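As C-alpha cells, the structure follows; a few thoughts come after it.
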2 protein chains.
Amino acid sequence: MTKTQASRSPSPPPFPLPYTTVDIVIFTVRDSVLEVLLVKRPADSREPFPSRWALPGGFVNIDLDLDLLACARRKLQEKTGVVSPYLEQLGSWGGRDRDPRGWSATHVYFALIPSDELELRHGANAADVSWMAVDRALKTRLAFDHSDLLAAAVERLRSKVEYTSLPAFLLREPFTLPQLQHVYEVVLGRPVDKSGFRTRMLAAGFLAEAGHVEGTSNRPAMGYRLISRDAAVVFPRTFSPRG
Amino acid sequence: MTKTQASRSPSPPPFPLPYTTVDIVIFTVRDSVLEVLLVKRPADSREPFPSRWALPGGFVNIDLDLDLLACARRKLQEKTGVVSPYLEQLGSWGGRDRDPRGWSATHVYFALIPSDELELRHGANAADVSWMAVDRALKTRLAFDHSDLLAAAVERLRSKVEYTSLPAFLLREPFTLPQLQHVYEVVLGRPVDKSGFRTRMLAAGFLAEAGHVEGTSNRPAMGYRLISRDAAVVFPRTFSPRG
DNA sequence: GTAATAGTGTCTATAAGACAGTATCAG
DNA sequence: CTGATACTGTCTTATAGACACTATTAC
C-alpha cells in the first residue's frame with residue numbers, strides 16, 4: 001500500500017467542507033471532588049457563545065497536527081502543561097446546527113490527570129481557564145453542544161470506573177491503595193469495601209510496588225506505580241453490590 | 001442558548017479544512033460465517049486506491065446530511081437497502097497520511113444486519129459490492145486505513161458479544177434461542193453452554209415471546225422478539241469459561 | 001498506653017459452568 | 001418405535017461482599 005505525498009494544502013474540493021475541531025474533557029480529582037476543566041469563551045460578541053463556559057478545544061490545524069490524537073495532545077498541553085496523560089477517544093459529534101458558523105464535526109477525547117501535576121494556562125482564545133465540579137458543570141449550559149459531550153464523557157468515565165483501573169491515572173505516582181480506593185469512591189459516589197478492593201486491585205496485576213510512602217496518616221502504606229501507563233486494565237467483574 | 005441560522009454553505013474559513021468522511025463497517029452472519037460488506041474502488045487510476053476493496057462510505061454532504069448519524073444511515077441504505085439496523089459509532093480516525101488527497105478525518109460506524117433482510121446495491125462510486133468473510137477481510141489490504149478500521153470494528157464486536165445482546169441484531173425476528181446461541185458461537189468462534197446461555201438470555205429480560213416457530217428442526221422452538229431495538233443489553237458478567 | 005489508619009482472615013450467598021436428564025416433535 | 005432437537009434440573013466451584021480481626025505507626 002502506497003502512502004504517497006500528503007501535503008500541506010489539499011487541492012480545494014468541489015464541494016463545501018464541514019469545520020473540523022477537537023474538544024477535550026479533562027478530568028481530575030481535587031479535594032475529594034471530581035472536576036472538569038472549562039474555558040470561558042471570549043467576550044467578543046462576534047464570536048459564537050461569547051463569555052460562556054466551554055470545553056477546551058478548537059480547530060484542527062492541518063499544518064501542525066499529524067493526526068487527531070496529536071491535535072488533542074497539543075491542545076491539552078496548551079491548557080494544562082501536562083504532557084503525557086491518560087487520553088482516550090470518546091467519539092465524534094457532527095451536524096448542521098451545533099456551531100452557528102456552519103456544519104461542523106468535533107472529535108472528542110477525554111483525559112485524566114492528577115490534580116497536582118498541572119499548571120493552568122490562559123490561551124489566546126480563552127479569557128479564563130478554570131476547574132469546575134462535574135456535578136455543577138453538568139447543570140451549567142455550556143457553549144455549543146458541549147453539555148452533551150460532557151454528559152457523555154461523565155457517563156463513560158463513571159461506567160468504566162466500575163470495571164477498569166482508570167482512576168489510577170488520576171493519581172500522582174507513587175500512590176497507596178487507600179488513596180486509590182478514595183478516588184474510586186469519589187468518582188463512583190459511594191463507598192467501596194476495603195478488603196475486596198485490595199484483593200481486586202492486586203489480583204488485576206497492574207500495580208508494581210514502589211516502597212513505603214510516608215503519607216498523610218499514622219501508619220505508612222505501600223506505594224505503587226502503574227506497570228504500564230499505556231492503557232487501563234479491565235476487571236472481569238463489576239464493583240456493584242449484589243453483582 | 002440560541003441555535004441560530006446554520007445554513008448550507010458556511011462562509012469559507014481563513015484556513016484549510018480537512019476532508020470529512022463517514023465509513024461504515026457492516027456485519028452480518030451468513031451460513032455460519034461472520035461477514036463484512038466491502039465495495040471495490042473504481043478502476044479509474046486518478047482515484048485513490050483504484051480497484052481495491054474498501055469499506056462503504058464517503059464524503060459528508062452538508063446539504064443532505066443533518067448530522068453524522070444521518071449521513072451513516074444514508075450511506076448504509078444506499079448500499080444495502082436496510083433502513084433501521086443496529087448502528088453504533090465506533091470512533092473517528094483522522095490524519096495527514098490516511099488519504100493521498102490530503103488531511104482527512106473519517107467518522108466510523110458499525111452496523112449489524114440480518115443477512116436475509118438485504119439487497120445489495122451498486123452505487124455510483126462503487127464498481128462492486130460484496131460480502132467477504134471477516135477472517136479473510138482482515139488479511140486483505142484494504143484501501144486507505146480501512147484495514148485498521150475493520151480490525152477495530154471486529155475487536156469491538158467480539159468484545160461486546162462477550163457481555164451484551166448485540167448478536168440479536170444479526171437475526172431476523174422472530175428468532176429462537178438455539179438460533180441466537182448459534183450466532184453467538186459464530187461470532188465468538190467457540191461453543192457456548194446451552195443451559196447457561198438460556199438462563200442468561202432470559203434473565204437479561206430483553207426478549208419477548210412471539211409464539212412457536214416451526215423451524216429447521218424437529219421440535220418447534222419458542223420464537224422471540226427484542227423488546228427494544230434501540231440498544232443492546234449489557235450483561236453483568238462475561239461469557240468466558242472460568243470467568 | 002490510645003488513636004488512627006494499613007492491611008488480613010473468614011464466612012456466606014450467589015451465580016455461572018458443566019453435564020445429565022426430560023420433553024416434544026418428525027418420520 | 002427411533003432420532004433429533006428443545007428445554008430443564010442439579011451439582012460443584014469460584015468469588016465477591018460483608019465484616020471482624022490484626023499490625024504498625026504517631027503521639
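None of these values were measured; they are calculated from a predicted model. Residue numbering restarts at 1 for every chain, and letters A, B, ... go by the order of the sequence lines. Below, each value reflects all heavy atoms present in this structure, side chains not excepted, and no hydrogens, waters or symmetry copies.
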Output the rounded distance in Å from NE2 (B:His182) to P (D:dA6).
11 Å
Calculate the interatomic distance between A:Gln181 atom CD and C:dT5 atom P; express it in whole Å.
13 Å
Can you measure B:His212 atom NE2 to C:dT24 atom C1' for me and round it to whole angstrom units?
9 Å
Here the distance between atom P of C:dT2 and atom CG of A:Asn218, to the nearest Å, is 15 Å
CG of A:Leu202 versus P of D:dA16: gap in Å, rounded?
13 Å
Need to verify one output field. Residue with the more 5' nearest nucleotide on DNA chain C, B:Asp193 or B:Thr199?
B:Thr199
Judged by each residue's nearest nucleotide on DNA chain D, which is more toward the 5′ side, B:Pro178 or B:Ser195?
B:Pro178
Would you mind telling me which of D:dA6, C:dA4, C:dC25 lies closest to the side-chain atoms of B:Pro220?
C:dC25
Rounded to whole Å, OH of B:Tyr184 lies from P of C:dG17 at a distance of 13 Å
Check for me whether the distance between the ring centres of B:Tyr224 and B:Phe175 falls short of 6.0 Å.
no
Considering only heavy side-chain atoms of B:Arg219, the closest of C:dA23, C:dT5, C:dT8 is C:dA23
Are B:Arg158 and B:Glu162 within salt-bridge range, i.e. N to O under 4.0 Å?
no
From the options C:dT5, C:dA23, D:dG17, select the nucleotide whose nearest atom is closest to the side chain of A:Arg200.
D:dG17
Rounded distance in Å - CZ (B:Arg198) to P (C:dG21):
19 Å
Whole-Å distance between C:dG17 C1' and B:Met201 CE?
14 Å
Decide yes or no on side chain to side chain contact (heavy atoms under 4.5 Å, CB included) for A:Ile24 and A:Phe110, but give the supporting numbers first.
CA-CA 5 Å; A:Ile24 317 184; A:Phe110 90 83; 5.9 Å; no
Exceeds 12 heavy-atom contacts within 6.0 angstrom, atom CZ of A:Arg229
yes
